[in-house]
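Lettering of chains follows the sequences in order, A, B, ..., and the numbering in each one begins at 1.
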Protein chains: 2
Amino acid sequence: MKAEIAVERLAALAQESRLAIFRCLVQEGPDGLCAGDIATRLKLTPATLSFHLKELSRAGLLKSRQEGRFIYYAPDFKAMNALLGYLTENCCGGASCGVGCTPASAEAAR
Amino acid sequence: MKAEIAVERLAALAQESRLAIFRCLVQEGPDGLCAGDIATRLKLTPATLSFHLKELSRAGLLKSRQEGRFIYYAPDFKAMNALLGYLTENCCGGASCGVGCTPASAEAAR
DNA sequence: CTTTTATTTCGACGATTATAAAAATATGAA
DNA sequence: TTCATATTTTTATAATCGTCGAAATAAAAG
């Protein structure tokens, strides 16, 4: 992955509302949620939500599909995984990183 | 890790110059580099570099130590690892994530 | 066709960010 | 002390960002 793309994806996630949206969608799984439900859960106005969904999509972190009047959004796990791989390399890829090459355990992350 | 902190760290890394600084420091290892050397390598003016170093430090991603007139900066691998753990949970923690819970291999990340 | 519902786009606003020249601070050398 | 070097802080400016009301678009229902 190019640094540019990593920056783009990091920037997409580096915002409270957007990280909340992404986490919400990850919890929900591959089927995703329609925009309205996300807006209700996170208490975002439609305009604001749409702005953030576009931002996450532009970064390649979301997939979307239309079903009638509803548009369902779901995480692009592959893209997120590629980002994690990039970060792992850039955190632990150096020969002198003493922490090891696997991300912290779930405990450490909480 | 709280979402707030994750956002702060993601934001710190979500900028071309700062990601380059961090990657440069990771490559260099725990001993770090002094500000001047970073500025030379990445061709940043002292003021701009200082701004970014402060930003990365504020997010807890850098450690620094003074040696004479020089200030050496090095990555805080533990902090970065905690961030990776947080993201891993939020990418693969959902029951329905089909990609598995380890970040992509080094190949996929390139 | 008209109405209702879901979502996006537009327009405006204040807030934050990235940059860098210039001044200030701090440390070591002469 | 005086000078030179390393880094930060200050100040200013242009650009980007997050938010939301209002209008526009799209799709289904009556």
Q: Checking B:Q66 now: which residues fulfil side chain to side chain contact (heavy atoms under 4.5 Å, CB included) with it, not counting sequence neighbours?
A: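 Checked B:Q66 against side chain to side chain contact (heavy atoms under 4.5 Å, CB included); matches are B:I71.
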Q: Within the 4.0 Å limit for protein heavy atoms, which parts of nucleotides 6-11 of chain C are touched? Write it as a string from 5' to 3', B for base, S for sugar-phosphate only, - for none.
A: SSBB--
Q: Name all pairs fulfilling the salt bridge (charged side-chain N to carboxylate O under 4.0 Å, His left out) condition that reach into residues 43-56 of chain A, sequence neighbours left out, sorted by first residue then second.
A: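 Qualifying pairs, neighbours excluded: A:E55-A:R58.
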Q: Applying side chain to side chain contact (heavy atoms under 4.5 Å, CB included), name anything that partners B:A35, two or more places apart in sequence or on another chain.
A: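 Partners of B:A35 under the side chain to side chain contact (heavy atoms under 4.5 Å, CB included) test: B:L49, B:L53, B:Y73.
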Q: Enumerate the side chain to side chain donor-acceptor pair (under 3.5 Å) contacts for residues 14-25 of chain A, please, sequence neighbours excluded, ordered by first and then second residue.
A: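 Residue pairs passing side chain to side chain donor-acceptor pair (under 3.5 Å), neighbours aside: A:R18-A:H52, A:R23-B:Y86, A:R23-B:N90.
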Q: Apply the hydrophobic cluster definition, ILVMFWY joined by side-chain contacts under 4.5 Å directly or through others, and give me every member besides B:F51.
A: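 Traced through the cluster, B:F51 reaches no other member.
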Q: Between A:T48 and A:L44, is there a donor-acceptor pair closer than 3.5 Å when you use the side chain of the first and the backbone of the second?
A: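 Not at all, since once roles are kept as given, no pair shorter than 3.5 Å links the two residues.
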Q: Does anything in residues 12-21 of chain A come within less than 4.0 Å of DNA chain D? Heavy atoms only, and list the residues if so.
A: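 When residues 12-21 of chain A is checked for heavy atoms under 4.0 Å from DNA chain D, the hits, listed by number, are A:Q15, A:S17, A:R18.
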Q: For A:T40, what residues pass the side chain to side chain contact (heavy atoms under 4.5 Å, CB included) criterion, not counting sequence neighbours?
A: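 Partners of A:T40 by the side chain to side chain contact (heavy atoms under 4.5 Å, CB included) criterion come out as none, since no residue qualifies.
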Q: Base, sugar-phosphate, or nothing: which does A:E55 touch, judged by heavy atoms less than 4.0 Å apart?
A: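 No contact at all - A:E55 keeps every heavy atom at 4.0 Å or more from the nucleic acid.
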Q: OP1, OP2 of C:dT19 versus side-chain N and O of B:H52: anything below 4.0 Å?
A: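 Result: yes.
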Q: Taking side-chain hydrogen bond (donor to acceptor under 3.5 Å, both in side chains) as the test, write out the residues that go with B:S64, two or more places apart.
A: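 If we apply the side-chain hydrogen bond (donor to acceptor under 3.5 Å, both in side chains) test to B:S64, skipping adjacent residues, there are no hits.
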Q: Rounded to the nearest Å, what distance is computed from the CG atom of residue B:L44 to the C1' atom of nucleotide C:dA21?
A: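 To the nearest whole Å, that distance equals 16 Å.
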Q: Find the distance A:E67:CD to C:dT5:C1' and express it as a whole number of Å.
A: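 From A:E67 CD to C:dT5 C1': 16 Å.
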Q: Can you name the residues that form a salt bridge (Lys or Arg N to Asp or Glu O under 4.0 Å) with B:E4, not counting sequence neighbours?
A: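 Result, salt bridge (Lys or Arg N to Asp or Glu O under 4.0 Å) vs B:E4: none returned.
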Q: Residues in side-chain hydrogen bond (donor to acceptor under 3.5 Å, both in side chains) with B:R69, at least two apart?
A: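 None.
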Q: What are the 5'-most and 3'-most nucleotides of DNA chain D lying under 4.0 Å from any heavy atom of chain A?
A: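 Contact span on the strand: D:dG18 to D:dA28.
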